[in-house]
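Down below is the structure, laid out as structure tokens.
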Protein chains: 2
Amino acid sequence: MTDTTHETPASILIIDDHPLLRRGVTQLLELEDDLVLAGETGEPAEGVRLARELDPDLVLLDLNMPGMNGIETLKRLRDDGFAGRIVIFTVSDNEEDVVDALQAGADGYLLKDMDPDEMVRQLRQATLGRMVISESLTALLAEALRHQRSKPAAPDIHSLTQREREILGELAAGLSNKMIARKLDITEGTVKVHVKHLLKKLNLRSRVEAAVWAVQEGLDR
Amino acid sequence: MTDTTHETPASILIIDDHPLLRRGVTQLLELEDDLVLAGETGEPAEGVRLARELDPDLVLLDLNMPGMNGIETLKRLRDDGFAGRIVIFTVSDNEEDVVDALQAGADGYLLKDMDPDEMVRQLRQATLGRMVISESLTALLAEALRHQRSKPAAPDIHSLTQREREILGELAAGLSNKMIARKLDITEGTVKVHVKHLLKKLNLRSRVEAAVWAVQEGLDR
DNA sequence: GCGGGCCTATCCCCTAGGAGGTAGCGGGCC
DNA sequence: GGCCCGCTACCTCCTAGGGGATAGGCCCGC
């Protein structure tokens with residue numbers, strides 16, 4: 001399941017307002033027989049529409065575009081149900097941008113000044129489900145982690161309060177909010193508040209993700 | 001989490017229309033300091049109300065009662081959000097009854113002719129989260145399994161179709177129905193149908209339970 | 001050929017879940 | 001004393017999820 005092997009070439013949609021750069025990438029893709037262009041556009045809103053229509057394996061997304069910025073576009077893609085990979089492709093090596101993008105659910109962050117061969121290699125890795133980050137950003141990322149950003153970049157059990165951990169445990173046992181409320185003798189509304197908070201802290205999008213994560217981390221016992 | 005140790009005694013609610021039998025069990029409980037009577041009633045509907053009010057750790061439930069039968073009562077308790085243990089307590093060693101009760105979510109099935117000491121031992125096991133079945137029923141259960149009942153008693157991956165397994169895999173990855181639909185290029189409605197069917201086949205109550213089960217079984221990779 | 005399982009889709013209906021906000025209360029910290 | 005955090009509770013609004021039912025197209029086995 002969660003098939004990430006590509007018997008057929010991986011399709012890529014480019015959303016970037018620089019025509020020349022799009023041209024560069026498409027030329028690059030033409031040389032590879034396991035990567036194929038699904039479509040391209042310079043308009044963020046059009047990009048969301050195309051993602052729905054073409055359902056590419058990967059979206060290469062510029063951060064700085066007129067109208068809607070990249071982060072916003074990323075969120076809209078996810079809200080719209082797009083389940084493929086989303087890789088940011090930008091000139092900005094600003095720490096804030098990198099952190100924001102990753103926290104918004106980007107599967108990669110590549111800089112536009114990268115070597116073409118390296119670019120292809122990274123795209124291929126991304127279509128296989130791996131997180132890809134431009135090499136020059138790793139030091140910056142390490143630094144960001146050391147200084148402990150306010151918004152945690154990865155799920156971290158330690159950011160949860162005791163009560164939230166307790167709720168998470170019950171949630172991972174498959175209990176509904178109502179059942180958890182009954183068990184802990186609080187109202188369902190309060191359970192919802194705890195769930196809401198722990199999802200935010202863990203940067204997860206649903207109770208299912210939280211349950212799966214908890215089980216994989218062995219927090220459910 | 002999912003705390004099943006009882007620093008305080010485990011409370012038990014008895015729902016049984018035989019006053020004498022209730023008396024017998026309560027007397028039995030009085031001899032044990034780790035088990036305590038939460039309440040008792042001969043009325044199924046009253047039992048559901050009491051379960052909500054008293055929120056006992058365990059409900060001891062008769063199968064054959066006038067008005068609402070035990071299975072129906074069991075379902076109402078679960079619908080009402082009761083998350084504690086529910087153990088069937090009956091004279092019936094009918095295979096159909098046993099299978100139905102367990103499939104409806106009973107955590108145990110004890111026969112009324114059992115030895116008092118054994119009864120206490122089994123109740124204690126049940127409060128600790130273990131499934132308890134009267135010894136004399138084990139052969140019958142084995143037989144039922146051998147003849148492969150139409151409704152599978154336990155989650156079984158083999159009862160799923162290929163497509164359902166695929167859906168389960170995506171579900172266990174934390175994807176929403178909408179995302180799964182996009183990824184597999186079918187409508188969200190169809191995904192819902194598959195999810196509905198696999199939940200029924202696996203005898204699970206929500207996608208969260210399905211996701212947790214799949215992860216624990218290693219089906220998500 | 002006919003039945004049955006599988007996949008797809010659509011309809012209705014209702015509950016569960018999650019985002020946003022406000023607020024009271026207790027405890028610890030400065 | 002004031003302030004923040006954790007826990008509780010309530011509110012509104014909207015979407016996601018799930019039950020039940022029906023049905024068409026497809027393929028396979030009898």
Side-chain angles (χ1 to χ4, degrees), chain A residues 75-76 78-83 104-105 150-151 157-212, chain B residues 75-76 78-83 103-105 148 150-152 157-213:
Chain A
K75 288 177 180 168
R76 295 224 188 163
R78 291 302 188 203
D79 284 348
D80 192 45
F82 179 67
S150 55
K151 326 170 198 166
I157 185 69
H158 301 300
S159 64
L160 301 185
T161 67
Q162 183 56 42
R163 197 56 156 172
E164 286 161 353
R165 273 191 287 275
E166 195 174 2
I167 300 276
L168 177 59
E170 303 299 346
L171 192 162
L175 297 199
S176 66
N177 288 336
K178 189 192 284 186
M179 285 182 169
I180 297 173
R182 293 288 299 278
K183 189 160 183 178
L184 302 185
D185 200 30
I186 53 180
T187 68
E188 186 183 351
T190 300
V191 176
K192 283 189 175 187
V193 171
H194 287 310
V195 171
K196 179 171 28 177
H197 287 164
L198 73 85
L199 286 180
K200 196 171 186 66
K201 285 183 179 177
L202 298 179
N203 199 28
L204 299 174
R205 286 183 292 281
S206 72
R207 70 193 293 103
V208 180
E209 287 189 0
V212 169
Chain B
K75 288 176 180 168
R76 295 225 190 162
R78 291 301 188 204
D79 284 348
D80 194 45
F82 180 68
Q103 284 178 353
Q148 188 64 308
S150 56
K151 327 170 198 167
I157 185 70
H158 301 300
S159 65
L160 300 186
T161 67
Q162 184 55 42
R163 197 55 155 174
E164 286 161 354
R165 273 192 285 277
E166 195 174 3
I167 300 276
L168 177 58
E170 303 299 346
L171 192 163
L175 298 199
S176 66
N177 288 336
K178 189 190 287 186
M179 284 182 171
I180 297 174
R182 293 288 299 279
K183 189 161 182 178
L184 302 185
D185 200 29
I186 54 180
T187 68
E188 185 182 352
T190 300
V191 175
K192 284 188 174 187
V193 171
H194 287 310
V195 171
K196 180 171 24 177
H197 287 165
L198 72 88
L199 287 180
K200 195 171 189 64
K201 285 183 180 176
L202 299 179
N203 200 28
L204 300 174
R205 286 183 294 282
S206 72
R207 70 194 292 105
V208 180
E209 287 190 359
V212 169
W213 180 76

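Numbers restart at 1 for each chain; the letters A, B, ... are given by sequence-line order, proteins then strands. This is a predicted model, so every value here is computed, not measured.
- Per the geometry, CD1 belonging to Ile180(B) stands 11 Å off C1' belonging to dG17(D), to the nearest Å.
- For Thr187(B), whose side chain is taken as the heavy atoms from C-beta onward, the closest listed nucleotide among dA9(C), dG17(C), dA16(C) is dA9(C).
- For Asn177(B), the listed nucleotide lying nearest its side chain is dG17(D); candidates were dC7(D), dG17(D), dT8(C).
- Listed for the Arg165(A) side chain is a donor-acceptor partner under 3.5 Å among the backbone atoms of Leu160(A).
- Residue Thr161(A) places no side-chain N or O under 4.0 Å from the OP1 or OP2 atom of dG6(D).
- Among the protein residues, Gly189(A) comes within range of no part of the nucleic acid, since none of its heavy atoms lies under 4.0 Å from any strand.
- The phosphate of dC7(C) has neither OP1 nor OP2 within less than 4.0 Å of any side-chain N or O from Thr190(B).
- Using the Watson-Crick or G-U wobble rule with both distances under 3.5 Å, dC30(D) pairs with dG1(C).
- Residues from residues 191-198 of chain B placing a heavy atom under 4.0 Å of any atom in DNA chain C, listed by number, are Val193(B), His194(B).
- Atom-to-atom, NZ of Lys75(A) to C1' of dA19(C) comes out at 13 Å; the value is rounded to the nearest Å.
- Atom CG in Leu204(A) sits about 16 Å away from atom P in dG17(C), given to the nearest Å.
- Whole-Å rounding puts the Asp80(A) CG to dA16(D) P distance at 10 Å.
- In summary, Asp80(B) and Lys178(A) do not engage in a salt bridge, as defined by a charged side-chain N under 4.0 Å from a carboxylate O.
- Considering only side-chain atoms of Ser176(B), the nucleotide from dT8(D), dG17(D), dT8(C) that sits closest is dG17(D).
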(request) Check the pair Val195(A), Asn177(A) against side chain to side chain contact (heavy atoms under 4.5 Å, CB included), reporting the backbone distance first and the verdict last. (result) CA-CA 9 Å; Val195(A) 171; Asn177(A) 288 336; 3.7 Å; yes
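- The Arg163(B) side chain lies nearest to dC7(C) when the options are dC7(C), dT8(D), dG17(C).
- In this structure, dC11(D) forms a base pair with dG20(C), meeting either the Watson-Crick or the G-U wobble geometry with both donor-acceptor distances under 3.5 Å.
- Rounded to whole Å, atom C1' of dG21(C) lies 13 Å from atom NZ of Lys200(A).
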(message) Generate the contact string for nucleotides 22-30 of chain D. Rules: B means base contact, S means sugar-phosphate contact only, - means no protein heavy atom under 4.0 Å.
(response) ---------
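- The CD-P distance, from Glu166(A) to dC7(D), rounds to 9 Å in whole Å.
- For Glu170(B) (side chain) and Ile167(B) (main-chain N/O), no donor-acceptor pair under 3.5 Å exists by modelled atom type.
- Residues forming a side-chain hydrogen bond (donor to acceptor under 3.5 Å, both in side chains) with Glu209(B) (at least two apart in sequence, or on another chain): Arg205(B).
- Look at Lys178(A) and you'll find a side-chain N or O under 4.0 angstrom from OP1 or OP2 of dA16(C).
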